Colleague: 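Okay, handing you the structure first.
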Amino acid sequence: MLLLQLTACSFQADRPAPVVTVNPPVKKQYQKGGLTSERYRVKKGDTLYSISWAANKDFVDIARRNGLKKPYTIYPGQVLNLKLTKPVTTRVKAQNWNTNTPKPAKKPIKAVTKQPVATSSANGVTKVSVAKKSLDQTSNSAYPVSTSQQSVNNVIHKSKSTLPQKVHRWHWPVKGALIGKFSAKEQGNKGIKIAGTRGDRIQAAADGRVVYAGNALRGYGNLVIIKHSDDYLSAYAHADKILVKEKQFVTAGQTVASMGKTGTNRVMLHFEIRYHGKSVDPLKYLPKT
């Protein structure tokens with residue numbers, strides 16, 4: 001017995017104890033509506049739109065405050081000033097879109113795209129802005145996708161080159177029972193909640209361009225944000241899979257994700273519309289059923 005114990009001790013001494021990772025690395029996320037600091041350091045995967053969404057501010061106001069011009073290029077390590085001393089936007093008041101009579105569209109303004117370029121420093125070292133990220137341009141995304149759940153919707157749709165100046169009609173993103181309504185209270189629900197079955201198609205509520213596709217905003221799960229104009233953004237949260245990529249143009253009714261329960265305890269879609277960075281009641285915009 002003594003010999004066996006000595007042999008066992010010798011065997012264990014020759015092999016180090018295995019190292020077990022109890023908790024996998026956790027990607028830092030924004031708390032839902034939790035960016036309350038006056039300054040924010042940009043991280044990989046951020047866009048101006050995701051930052052403004054988490055801060056409950058208008059992306060146009062943040063861009064102006066920080067001297068950002070279209071295509072709103074930001075890069076990891078950059079510090080953004082989120083303190084807006086007074087409202088910057090002086091745009092028209094939001095309208096109630098529950099109407100069947102669309103107004104004539106104004107002639108679209110051609111967008112000008114600026115591409116990041118390499119710069120040379122005084123000591124001759126070339127710095128290439130490969131880490132910069134902009135979401136207000138028409139080319140396909142050159143950046144890695146923001147979530148492992150993301151894949152590309154390859155359905156062919158009519159190509160667009162610019163966003164409309166106005167949203168003339170909104171569409172329901174999914175069909176299902178309304179289980180949560182909008183609340184303007186400080187801690188209230190900033191959108192509507194629609195029940196469904198995992199895998200149900202989530203569709204774009206209006207024409208636009210995808211400006212965020214990822215899961216860095218805690219409380220939203222897998223999230224798609226679509227820019228419809230300089231006035232309106234819409235968001236589709238708790239998706240099972242994201243089926244579009246950032247910078248992709250989408251048309252009203254196009255599938256952008258499948259329904260799931262990421263970031264929540266039941267299968268549903270949390271749908272928001274924001275006007276100048278402020279949450280508005282989607283039921284005032286969606287057609288009555």
Side-chain angles (χ1 to χ4, degrees), residues 47-49 52-53 58-61 63 70-72 87 89-113 135-138 153 155-176 178 181-182 184 190-194 201-213 223-237 239 243-257 269-289:
T47 73
L48 178 65
Y49 302 91
S52 63
W53 196 276
D58 189 357
F59 69 90
V60 173
D61 290 347
K70 288 186 178 181
Y72 304 135
T89 52
T90 57
R91 292 176 279 176
V92 296
K93 186 178 180 180
Q95 302 179 31
N96 187 322
W97 292 106
N98 272 330
T99 175
N100 295 323
T101 308
K103 296 182 180 180
K106 293 183 179 179
K107 187 176 181 181
I109 301 174
K110 187 176 181 180
V112 179
T113 302
L135 269 296
D136 211 351
Q137 54 190 355
T138 60
N153 183 354
V155 178
I156 302 300
H157 292 270
K158 185 177 179 180
S159 176
K160 292 176 177 291
S161 59
T162 58
L163 289 173
Q165 289 182 313
K166 293 183 178 181
V167 180
H168 297 286
R169 185 179 180 185
W170 294 88
H171 302 260
W172 282 85
V174 294
K175 293 180 179 179
L178 188 66
K181 292 186 177 181
F182 174 84
K190 299 308 178 184
I192 59 174
K193 299 183 186 299
I194 306 172
R201 295 190 307 161
I202 299 173
Q203 302 173 335
D207 294 349
R209 181 167 58 244
V210 179
V211 294
Y212 181 77
L223 171 70
V224 175
I225 300 177
I226 298 175
K227 177 182 178 182
H228 304 289
S229 67
D230 282 343
D231 296 323
Y232 288 99
L233 300 174
S234 65
Y236 312 75
L243 302 174
V244 288
K245 59 184 179 180
E246 291 174 356
K247 301 183 185 179
Q248 179 180 343
F249 278 95
V250 294
T251 57
Q254 179 176 345
T255 301
V256 298
L269 169 67
H270 174 83
F271 175 69
E272 291 188 33
I273 295 177
R274 292 200 181 183
Y275 175 77
H276 295 180
K278 301 299 181 183
S279 298
V280 293
D281 187 354
L283 295 181
K284 293 182 178 180
Y285 294 79
L286 298 171
K288 295 182 179 179
T289 56

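Only a predicted model underlies this, so the values are computations on that prediction, with no experimental measurement involved. Heavy atoms only: backbone and side chains are in, while hydrogens, waters and symmetry mates are out.
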Colleague: Sequence neighbours excluded, which residues qualify as side-chain contact (heavy atoms from CB on, under 4.5 Å) partners of Ala239?
Modeller: Ile202, Asn222, Ala257
Colleague: Quick check on ring pair (Phe, Tyr, Trp, His ring centres under 6.0 Å): which of Trp172, Tyr285, Tyr236, Phe182 does Phe271 satisfy it with?
Modeller: Tyr236
Colleague: Determine, stepwise, if the pair Ile225 / Val210 fulfils side-chain contact (heavy atoms from CB on, under 4.5 Å).
Modeller: CA-CA 6 Å; Ile225 300 177; Val210 179; over 6 Å; no
Colleague: Look up atom CG in Leu286 and atom CD1 in Ile194, then write down how far apart they are to the nearest 0.5 Å.
Modeller: 7.5 Å
Colleague: Sequence neighbours excluded, which residues qualify as side-chain hydrogen bond (donor to acceptor under 3.5 Å, both in side chains) partners of Ser52?
Modeller: none
Colleague: Are the aromatic rings of Tyr212 and Tyr49 close, with centres under 6.0 Å apart?
Modeller: no
Colleague: Would you call Val211 and Thr47 a side-chain contact if the rule is heavy atoms closer than 4.5 Å?
Modeller: no
Colleague: Check whether Gln203 reaches the backbone of Gln254 with its side chain - one donor and one acceptor, N or O, closer than 3.5 Å.
Modeller: no
Colleague: OG1 of Thr251 to NE2 of His171: how many Å apart, nearest 0.5 Å?
Modeller: 9.0 Å
Colleague: Hey, are the side chains of Leu178 and Ile192 touching, using non-hydrogen atoms and a 4.5 Å cut-off?
Modeller: yes
Colleague: Say you draw a straight line from NZ of Lys193 to CG of Leu269; how long is it, rounded to the nearest 0.5 Å?
Modeller: 9.0 Å
Colleague: Any side-chain heavy-atom pair from Ile226 and Val256 closer than 4.5 angstrom?
Modeller: yes
Colleague: Where the side chain of His228 meets the backbone of Asp207, is there a donor-acceptor pair that is under 3.5 Å apart?
Modeller: yes
Colleague: What distance separates Glu272 CD from Lys190 NZ, expressed to the nearest 0.5 Å?
Modeller: 9.0 Å
Colleague: Starting at OG of Ser229, measure out to CZ of Arg209 and round the result to the nearest 0.5 Å.
Modeller: 11.0 Å
Colleague: Under a 3.5 Å threshold, yes or no: a donor from one side chain and an acceptor from the other, between Asp231 and His276?
Modeller: yes
Colleague: Could you check if a side-chain atom of Phe59 sits within less than 4.5 angstrom of a side-chain atom of Lys227, using non-hydrogen atoms only?
Modeller: yes
Colleague: Hey, is Lys70 close enough to Asp230 for a salt bridge, meaning N to O under 4.0 Å?
Modeller: yes
Colleague: If you take all heavy atoms of Trp53 and Ser234, which pair is closest and at what distance?
Modeller: CH2-C, 4.3 Å
